[in-house]
Structures are given as structure tokens and as C-alpha cells.
> 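Have a look at this one.
As the structure is a computational prediction, the values presented were derived from the model and not from experiment.
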Amino acid sequence: MSETTTVTNTTTADATTENTARSRGAVALTVARVVLALFFAFSAFAKLIAHETAVESFDRMGWSHGAMYLIGALEMAGAIALLVPLLSGVAAMAFAGLLAGASIVQLTLLDPVNAIMPALLIGLVVLIARERRDRTARLVALIRRRA
């Protein structure tokens, strides 16, 4: 076997390994998007039907039921947007902000121990937003053309 053939085979093998790793990562992030969409939809549903735990939390914070419904509606819209390929990056960025706020609320108004979960989820939505940055750029370009 010649040196050129060996280099070509090695390069092809490296590219195949890299593509396999990339596709595994993409599959993992797709699964994460679906699981997060379900998680946020469930959370939103509890707020939108004024489940007693949601009402109790908002009462403890001193926030109105209107705020509970608004946050529930935003969570539901974001959950749906996470499942739409063109919107998923923007939804992930929005959820990063929502989760940062949730973490701060847990730390200051509710139960500081529960601030860990939203803080950890921020890392996941940032990964999703990063993976979807090309589609987000396409969305921005589409909006700019229409404006």
C-alpha cells in the first residue's frame, strides 16, 4: 500500500469517526429538545389550568395569577417552538433567560435548593441554541428580508 493510499484511508476514517460523533451529538440534542419540550409543556399546563401547586408557588412569591398565566403561555409557546426546527434555536435562547429568572426566583423567594435544576438546564438549552445557530441565522435573515 502506498503512502498516499494510507493517508487517504486515515483521513477518510477520521472524517467518518468525526461525522459519527457529530451525528450522535445531533441525535442526543434532538432527544433533549423533545424531552425539554415535554417538560416545559407540562410545566406550562400546570400554570394554565391553575394547578394548586402552581397557584401556591405564585402566591408565595407574591405574584398575581395573571403572571402565572402569562408565564404558562410563554412556556407553552416555547415548548412548541423547541419542536419547530427553524424556531428551536430562538426558543432555546429564550428558555435560557427564563431558566435564569427561575433560578434567581428559587434562590431569593422560594427554596434555594431548587435553584440547581434551572441552573443545570441552562447549560442544556445553551447547547441546543449553539447547535441550532445556523437555523437561527436563517430565521434572522428571513425576517430582515421581510422588514
Side-chain angles (χ1 to χ4, degrees), residues 8-147:
T8 303
N9 288 342
T10 303
T11 303
T12 303
D14 289 345
T16 302
T17 302
E18 185 177 319
N19 287 339
T20 302
R22 218 180 264 154
S23 63
R24 283 187 193 144
V27 168
L29 285 175
T30 298
V31 169
R33 278 190 311 112
V34 171
V35 170
L36 278 174
L38 290 171
F39 172 79
F40 285 119
F42 181 76
S43 174
F45 187 71
K47 291 172 181 76
L48 293 173
I49 66 166
H51 190 272
E52 64 188 50
T53 57
V55 171
E56 179 188 328
S57 292
F58 277 79
D59 287 346
R60 282 180 55 204
M61 292 184 292
W63 293 9
S64 72
H65 291 191
M68 178 181 66
Y69 293 123
L70 176 63
I71 291 171
L74 292 172
E75 281 182 340
M76 187 63 78
I80 293 166
L82 273 176
L83 300 174
V84 177
L86 190 61
L87 301 175
S88 57
V90 173
M93 288 188 291
F95 275 127
L98 181 120
L99 290 165
S103 193
I104 291 168
V105 165
Q106 287 291 340
L107 281 170
T108 59
L109 299 176
L110 296 173
D111 188 7
V113 173
N114 290 334
I116 293 169
M117 181 62 136
L120 292 175
L121 289 177
I122 289 171
L124 186 55
V125 295
V126 166
L127 287 175
I128 292 168
R130 184 178 183 276
E131 192 257 340
R132 294 295 175 150
R133 67 185 178 273
D134 293 341
R135 291 182 181 186
T136 302
R138 231 181 299 155
L139 177 63
V140 170
L142 182 64
I143 292 170
R144 283 186 178 163
R145 271 187 257 144
R146 300 228 175 192

> Considering non-hydrogen atoms only, spot the tightest contact between L36 and V125 and give its length.
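Looking at all heavy atoms of both residues, the closest pair is CD1-CG1, 3.8 Å.
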> With rounding to the nearest 0.5 Å, note down the distance linking OG1 in T30 to CG in L83.
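Atom-to-atom, T30:OG1 and L83:CG are 10.5 Å apart.
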> Only pairs at least two apart or in different chains count here, so list each ring-ring contact (aromatic ring centres under 6.0 Å, His included) that has a residue in residues 82-101.
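Only F40-F95 qualify under ring-ring contact (aromatic ring centres under 6.0 Å, His included).
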> Please check: side-chain N/O of R133 versus main-chain N/O of R130, any donor-acceptor pairing under 3.5 Å?
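Present.
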> Taking side-chain hydrogen bond (donor to acceptor under 3.5 Å, both in side chains) as the definition, give me every residue that meets it alongside S103, ordered by chain and number, with sequence neighbours left out.
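Residues passing side-chain hydrogen bond (donor to acceptor under 3.5 Å, both in side chains) with S103: none at all.
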> Could you tell me whether M117 atom CE has more than 12 heavy atoms of other residues or ligands within 6.0 Å of it?
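No, CE of M117 has 12 or fewer neighbouring heavy atoms, counting only those of other groups under 6.0 Å.
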> Where is the tightest heavy-atom contact between L99 and P118, given as atom of each residue plus distance?
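Looks like O-CB, 3.5 Å.
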> So which atom in S57 and which in L110 form the shortest heavy-atom distance, rounded to 0.1 Å?
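Taking S57 first and L110 second, the nearest heavy atoms are O-CD2, 4.0 Å.
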> Going from CG on L124 to CG on L29, what distance comes out if it is rounded to the nearest 0.5 angstrom?
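The CG atom of L124 sits 7.0 Å away from the CG atom of L29.
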> List the atom of L86, the atom of R135, and the distance in Å for their closest heavy-atom pair.
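Reported closest heavy-atom pair: CD1-O, 3.5 Å.
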> Write down the atom of M76, the atom of A41, and the distance for their closest heavy-atom approach.
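Between these two residues, the closest heavy atoms are CE-O, 3.6 Å.
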> Measure the spacing between CG of L139 and CG of D134 and express it to the nearest 0.5 Å.
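If I round to the nearest 0.5 Å, the distance is 12.5 Å.
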> How many angstroms lie between CE in M93 and CZ in R132, if you round to the nearest 0.5 Å?
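Spacing of CE (M93) from CZ (R132) equals 12.5 Å.
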> Does any non-hydrogen side-chain atom of V55 lie less than 4.5 Å from one of E52?
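Sidechains of V55 and E52: no contact.
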> With a 4.5 Å cut-off on side-chain heavy atoms, are D59 and H65 touching?
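Touching, per the 4.5 Å side-chain cut-off.
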> Under a 3.5 Å distance rule, please check whether S43 uses its side chain to pair with a backbone N or O of F39 as donor and acceptor.
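No, the answer is negative, given that no donor and acceptor are paired below the 3.5 Å cut-off.
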> So, for A46 and A54, which heavy atoms are closest and what is the spacing to 0.1 Å?
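Shortest heavy-atom contact: O-CB, 3.8 Å.
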> Output the distance between atom CD1 (I71) and atom CG (L48), rounded to the nearest 0.5 Å.
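If I round to the nearest 0.5 Å, the distance is 11.0 Å.
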> If you measure from CZ on R33 to CG on L127, what distance do you get to the nearest 0.5 Å?
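The distance works out to 13.0 Å.
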